[in-house]
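Report on the structure given below.
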Amino acid sequence: MNFGYYPGCALHGSSDDYEQSIRACLGALGIKLEEIDDWICCGATAAHSLNHKLAIALPARNLALAQRQGCAEMLAPCPMCSGQLLRAGQALASDAALRSEISSIVEAEVNDGPRVLNIIQVFERVGLKALSDAVTKPLKDLKPACYYGCLLVRPPAVVGFDDAEQPQSMEAVVAALGAKPVDWNYKTECCGAGMTMASPETVLELSGKILANAAAHGANCLVAACPMCHVNLDMKQAAIQEYSGARYDLPVYYLTDVVGMALGLSASELGADRHFVLAREA
Amino acid sequence: MSGSNGFEPKIVAFVCNWCTYLGADLAGTSRLEYPPNVRILRLPCTGRIDTNLVVKAVEGGADAVLVSGCHPGDCHYNAGNYHARRRWMLFRELLDVLGFDMRRIHFTWISAAEGRKFQHVISEITEQTRALGPWRAYEAKAEIDHRGGLVGQAVSPATGRAGPAPALQAPAPLAEQELRDLARRLLGAGDVKVVIGYGAAGPVFVTKAADVERLVWNEGCQANLTTYLKRKEVRALGKPAVVVKGCDERSLVVLEKESQIRREDVRVIGMACDGMGQEKCAACDTHEPRFADERVGKAGGQGGKPAARYAAVEAILAKTPEERLAFWSAEFDRCLKCYACRQVCPMCYCERCIADKNRPQAIDTSPHRKGNFAWHIARAMHLAGRCVGCDECTRACPAGIDLRLLNLTLARAAETQFGYRAGMDPAAEPPIGAYSLQDKEEFIR
Amino acid sequence: MSRIGVFVCWCGENIARTVDVDQVAEACGEMPGVRCAQNYKYMCADPGQAMIREKIASERLDAVVVASCSPHMHLKTFRRAAAAAGLNPYRLEMANIREQCSWVHHDKDRATEKAIGIVRTAVAKVRYNHALSPIRVPMTRRAMVIGGGVAGIQAALDIADAGYEVVLVEREPSIGGKMAGLSETFPTLDCSQCILTPRMVEAGQHPRIKLYTYSELESVSGFVGNFEATIRKKTRYVDMAKCTGCGECQKICPLKRNPSEFDFGMGMRPAIFMPFPQAVPARPVIDKKVCAKIVRNGCGLCEKKCAPGAINFKDQDELATERVGAIVVATGYKLYSIGREQPSAKTTGYGEYGYGKYKDVIDSLQFERLISASGPTNGELKRPSDGKIPQSVVFIACVGSRDNAKGLPYCSKICCMYTAKHTMLYKHKVHSGEAHVFYMDIRAGGKGYDEFVRRAIEKDGAKYYRGRVSKITEENGKLIVRGADTLAGVPVTVETDLVVLASAMRPADGVERLAQKLNIGCDEFGFLMESHPKLRPVETNTAGVYVCGACQAPKDIPESVAQASAAASKVMISFSASELTREPEIARIDEQTCAACFACERTCPYHAIERVELRARNGDLIKRAARVNQGLCMGCGTCVSVCPSKSADSEGFTEEEVYAMVEALA
């Protein structure tokens, strides 16, 4: 199984542990990732707050590159990136005039581009049954709170993935690994995201609620699929605990971490030893 | 009021009683003037407006015909207009292939509130027809010799007909023996009373196990034997087994759908077939029987090219309407009204054919051009969504008229418009008798 | 040769101004078969009609053409005149030379020429017109009402009060329907049971109403005036005749904790039970899925306790047949399922509201039971999880309604009103409590309706937020409702004790199957189709079958009752004579030439084609053929067009008549 791969800036910067985890985990499943040559920023929050066309053109160029590279399906692990790529693809598909304008801006013919996938969809392509069969170390003791954050399932019209308010797909993946996901309330609440710079208290408050609710529902870890969320929940956890006075010590894993562990990979192979909150040895 | 050339076109409008007729009444009460060239014929519903009637109006010298009824959703009888729309979709394709002037056949939805629309439609049609001049649909010069086929097409020496014939493969003698053994077994066990099969010279009806040697299986087995199932004298023989090829088998599906046979009353012996050298074989995708009770032989595997299925229709559509009309005029001028096409067709099982109904005489019986057109149009429409393309009509026609092209035209329409191929899927709904709200109506104003 | 009379009308100046009526009459006189042709100033006036009558007699006319206005205007008038003179009215045709000639043309020569042409087609046609007599269909003056809710009860009582017998079929053990379970009703806040139970008793005791409770329609055959219905009486295990309804069995039954269907699971009932104390008939049923005697041949206490010996564990389903002439469908509604289990792939549901997960998230009918004086808490509002009195309740409107993304696109119509009612009833019971309502729009059209909602807001202090709720979660025994107030432009979070979801109305379960049995249509949501939304709102496309109440569309009690009375009056109209008289201009099929392909059957919009077997005297099958049911055919003639042999024909527009018209144009 091969996928195109668009890492996005975060995975080559602050969250390179996520990239390590993805490559190790998917490698163990025999999946080859073909990184898009010469990819650029997806535009993230900045582009569309400045200029609508820029917000289309940046992801459009990436789509054009991917298309030139001949990939049919492309993994974009960061939900911000995948959302921007999907949004641009849809805008181009529905507006021929825009398509020709953008094509001339990015100097490449942009058509449908590849199908953009998030990390959960990659596991769905593998198949939950196949995934479960590949497990060598069932995660019997893991009670994760699966955390989707804002963008993985929203806006529904753009991502067209799972249920915007009551998603279940990540639970299905971790259950296939033998883990027992908890039913909790904050799966799709905002972690505070980029406010971590402008208004740290906001993040401490919002991410604190997420951790509190996960703990209250008996979770012994969180599983996330977004590099930004991971930063706020993991790196900021000490600050959150200080701010709220509560203690959680909840390790925050990427989805690929828990899949990788179930496949028998070690925390260091997955980069999970580089997280801030480390699992307590049982 | 006369046109500059003094020509006053005659427009015949078939309208439904509840919408368009009332729309015309409203034009009257609103004193909306329009040219007096139109004659309005009131029928209860567009569902009642048979395509034969339209043909009759053209025969009678109409220069243009309008068929008009209630807008979708407004039908006084709920769905009459939907059924009508479906028939029009097929009818138009047929007339087009025949080379009729489609600028003279109009379809509209005019509601009881649309007096103004009625006025506009009649005025426009009248002016347009005036500009076109008189409709001389039946006066075309019959100038294309059928032996030459359609202009520019090669004639196959095998069939004497246009179109490529696939390479012949002699059917395996093994299959013939297998067929005879099977027939012997069936007749011997009393499972069936007669085996309808191919003989050395035409069909054979084998009723005794000792006679199974009369059955043959060779490259001459072109006939569709299912047509004999409708014959009273064959029925009198008792439960039949019938030898079919994958293509013939399709007619059984249609006949069962139309309550003409009960599947359990017929034992079906399906022969794998690599083609009998007929035109239809080139596009065959039913080399193996699919529903047969007994199967004999195995097809060699060189399937036809389904893409070529409607090549003949596309070829004639590439001609101008005038050329098409000239071609068909030449074809139909040879028609003797012998009705061999009807006799041989497995789908023509009416006890009293419309052509034999003389009150009223919808189709003229004497062999002249108008009546011949009317007959072949009616026949094609009756076979719309039913014809399985066995081409027996063409084979039987002593005048060598290219009848398959008409059937193919409507088969193509049924497939492209409704995704339906007669006799392929027993569960599929035939296009006539059903309708969809999504049926295309870009031709209806 | 025919003896046709042609009568050309001047219509004062209306025709005569543009059409030379003398010339028309003269030309008509020359047409084949025409015996006499006359013109007159006003054909429709008494002297004109008298002229037609006189000529029919004096010239022994066997057909008449009146050349005047549109047949939609005066065909009936002239046909009556012809009938008065002894001519079969269907032997009279009209030629429309006013609306379709004199009024739309100015050139007198051409208009006259056209008028002659129009008359010529009418003359050609009328020669072939058949003498027809009205079709009479025997009418069984007895009705069946399916569904014993308020609409069904109303329809049944109306018909029975008019003097006809009614068979009332209800699938639950008691009639009463949803209304029997409501607490109080908007906009008057009168007690639902106080107004309904007397009607239930009346229906139960009416000498002309035959009640089939705990019964379902198995099948229907026949047609208008002549239906034969088979009704399945489900196994009750209680002999209705012997049982006195004393209730001792319910008291002694040890299996008391089964969720009550009537209370929507808010209360419990024994294995043998009456759904509610005022049930009609006041007879219990045994839940065979629960009863220990039936499940494992244990217990049997009720059988021992029952003094009249009414318990019968050997009871079986029974089939009953009833002959009726008309059927009223009043099967009502159910609530949209709020959780993840959805009726179709189109609706994804509202898993985020936690219905079915959090005990204190309930639907509106459950809330009705919780505040009803006859409910499981005797009207004291206690929340399901811990029995505490909720100090705050959040009501969410439009759950499933008007939501193309997750629910159903239509408005359920009654939710705005009952939600306002719920807030009032709640505030009247818990004075200190807070009622919060999230709504999309307030739709309160109706007598006293908007005033009622204003009262809820202004007098009883319900807090209304215009906005949707995104999610409900539970924390520490409280429900956290998060939504938006779009008027204030702020997100709203309410901590509350109880959430009530005003979920959408859907047609009752099994309505599609019922519609198939009755040959009537459903829309894409399963609501039954009326014949015409404005002019035939309670008829269906199957003659003799009527609809009323919420099975046709979401509606409230007053509307359901009004529609039920409308359906009843339609039934009574059809019962006003022992025979149903129908227009004879319908289809017929020549069975001799019919090839039995049944293309007509597939095409007929009214399912009026029947399959018949023609048999010889000794019983041998001669042939199969199609036959037109004269009770059902409406005369559209669609069958004629699809009939390959033209064995089908339509009276009034026969093939002979129509071809004669076309040929007359040549």
Side-chain angles (χ1 to χ4, degrees), chain B residues 1 8 10 12 17 21-22 24-29 31-37 39-45 47-51 53 56-57 59-62 75-80 83-84 87 119 258-260 348-354 357 359-362 382 429-430 432-434, chain C residues 70-73 96 98-107 110-111 113-114 117-118 121 128 531 541 585 590 592-603 605-606 611 623-624 634-642 644-647 650 652-653 655-656 658-663 665-666:
Chain B
M1 285 280 290
E8 283 302 338
K10 187 155 84 181
V12 177
N17 183 40
Y21 194 87
L22 284 170
D25 274 357
L26 180 63
T29 44
R31 309 297 199 278
L32 302 172
E33 196 184 353
Y34 53 83
N37 303 53
R39 294 289 182 278
I40 297 168
L41 297 182
R42 180 173 70 107
L43 285 114
C45 175
R48 172 68 181 83
I49 303 170
D50 189 8
T51 49
L53 273 175
K56 199 72 176 177
E59 278 179 27
C75 178
H76 184 77
Y77 304 104
N78 306 322
H83 287 293
R87 282 200 305 279
Q119 176 199 31
E258 297 177 0
S259 316
Q260 298 303 308
C348 274
Y349 50 72
C350 284
E351 298 185 26
R352 192 270 330 269
C353 176
I354 168 112
K357 186 181 185 189
R359 294 183 58 197
Q361 192 79 56
H382 284 185
E429 203 173 12
I432 293 291
Chain C
S70 168
H72 286 278
M73 183 89 190
N96 183 347
R98 188 180 74 173
E99 283 84 347
Q100 300 187 2
C101 187
S102 71
W103 276 353
V104 287
H105 308 311
H106 285 153
D107 182 322
R110 296 199 64 204
E113 184 196 328
K114 179 176 173 180
I118 292 171
T121 56
Y128 295 102
S531 186
N541 283 330
E585 292 185 322
D590 183 342
Q592 295 307 310
T593 58
C594 170
C597 70
F598 300 110
C600 48
E601 185 190 44
R602 286 202 303 276
T603 313
Y606 299 98
R611 295 182 179 221
K623 68 178 293 191
R624 295 185 178 81
M634 300 289 282
C636 65
T638 303
C639 53
V640 184
S641 292
V642 296
S645 64
K646 298 293 174 254
S647 297
S650 53
F653 298 90
E655 286 281 277
E656 275 189 303
V658 174
Y659 276 88
M661 287 198 291
V662 176
E663 281 165 3
L665 296 173

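Predicted, not measured: the structure shown is a model, and the values here were computed from it. So you know, we letter chains A, B, ... as the sequences are listed, proteins then strands, and number each from 1.
When side chains are defined from C-beta on, C:Arg611 counts as touching B:Ser259, because their heavy atoms get closer than 4.5 Å. No side-chain heavy atom of C:Thr638 sits under 4.5 Å from any side-chain heavy atom of B:Tyr77. The side-chain heavy atoms of C:Lys646 and B:Asp50, taken from C-beta on, include a pair separated by under 4.5 Å. Put simply, the side chain of B:Cys350 reaches to within 4.5 Å of the side chain of C:Pro644, judged on heavy atoms.
Of all the listed residues (C:Glu99, C:Met634, C:Gln100, C:Met661), the one sharing the greatest number of non-hydrogen pairs under 4.5 Å with chain B is C:Gln100. Taking C:Ser647, C:Cys597, C:Ala666 one by one and counting their heavy-atom pairs under 4.5 Å with chain B, the maximum is reached by C:Cys597. Of the listed residues (B:Lys10, B:His83, B:Glu59, B:His76), the greatest number of heavy-atom pairs within a distance under 4.5 Å of chain C belongs to B:His83. Among C:Cys594, C:Gly117, C:Ser641, C:Ser102, the residue with the largest count of heavy-atom pairs under 4.5 Å with chain B is C:Ser641. Annotation: maximal heavy-atom pairing with chain C below 4.5 Å, among B:Gly61, B:Ala362, B:Cys75, occurs at B:Ala362. Between chain C and the residues B:His382, B:Arg87, B:Gln361, B:Gln119, the largest count of heavy-atom pairs under 4.5 Å involves B:His382. Note on C:Gly635, C:Cys600, C:Ala599: by heavy-atom pairs under 4.5 Å with chain B, the leading option is C:Gly635. Of the residues considered (C:Leu665, C:Ile118, C:Val642), C:Leu665 shows the highest number of contacts with chain B, using heavy-atom pairs under 4.5 Å.
With a 4.5 angstrom heavy-atom cutoff, B:Lys357 touches chain C only via side-chain atoms. Looking at B:Leu26, there are no atoms closer than 4.5 Å to chain C (heavy atoms on both sides), in backbone or side chain. Heavy atoms of B:Arg42 lying under 4.5 Å from chain C belong to its backbone as well as its side chain. For C:Tyr128, no part lies near chain B; criterion is any non-hydrogen pair under 4.5 Å. Neither the backbone nor the side chain of B:Ala434 has a heavy atom closer than 4.5 Å to any heavy atom of chain C. For B:Leu41, the part lying under 4.5 angstrom from a heavy atom of chain C is the side chain only. For C:Gln592, the part lying under 4.5 angstrom from a heavy atom of chain B is the backbone only.
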**Prompt:** salt bridge (charged side-chain N to carboxylate O under 4.0 Å, His left out) between C:Arg602 and B:Glu429: does it pass, once the steps are laid out?
**Reply:** CA-CA 10 Å; C:Arg602 286 202 303 276; B:Glu429 203 173 12; over 6 Å; no
**Request:** Please test C:Tyr606 against B:Asn78 for side-chain contact (heavy atoms from CB on, under 4.5 Å), starting from the C-alpha separation and ending with a verdict.
**Result:** CA-CA 9 Å; C:Tyr606 299 98; B:Asn78 306 322; 3.6 Å; yes
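Contact between B:Glu351 and C:Thr593 at its shortest, heavy atoms only, is CB-O, 4.1 Å. Contact detail for B:Leu53 and C:Tyr659: the closest heavy-atom pair is N-OH, 3.8 Å.
In this pair, C:His72 and B:Tyr21 present their aromatic rings tilted. The plane angle is within the 30 to 60° band.
Under 3.5 Å, the side chains of B:Glu33 and C:His106 contain a donor-acceptor pair of N or O atoms.
Between atom CG of residue B:Asn17 and atom CZ of residue C:Phe653 there is a gap of 5.5 Å, rounded to the nearest 0.5 Å. Taken from OG in C:Ser645 to CD1 in B:Ile354, the straight-line distance is 7.5 Å, to the nearest 0.5 Å.
Formation of a donor-acceptor pair under 3.5 Å by the B:Gln260 side chain with backbone atoms of C:Ala596 is found in this model.
A salt bridge between C:Arg110 and B:Glu8 is present, with a side-chain N of the basic residue lying under 4.0 Å from a carboxylate O of the acidic one. Ion pair C:Glu655/B:Arg48 flagged as a salt bridge, since at least one NZ, NE, NH1 or NH2 atom sits closer than 4.0 Å to an Asp/Glu carboxylate oxygen.
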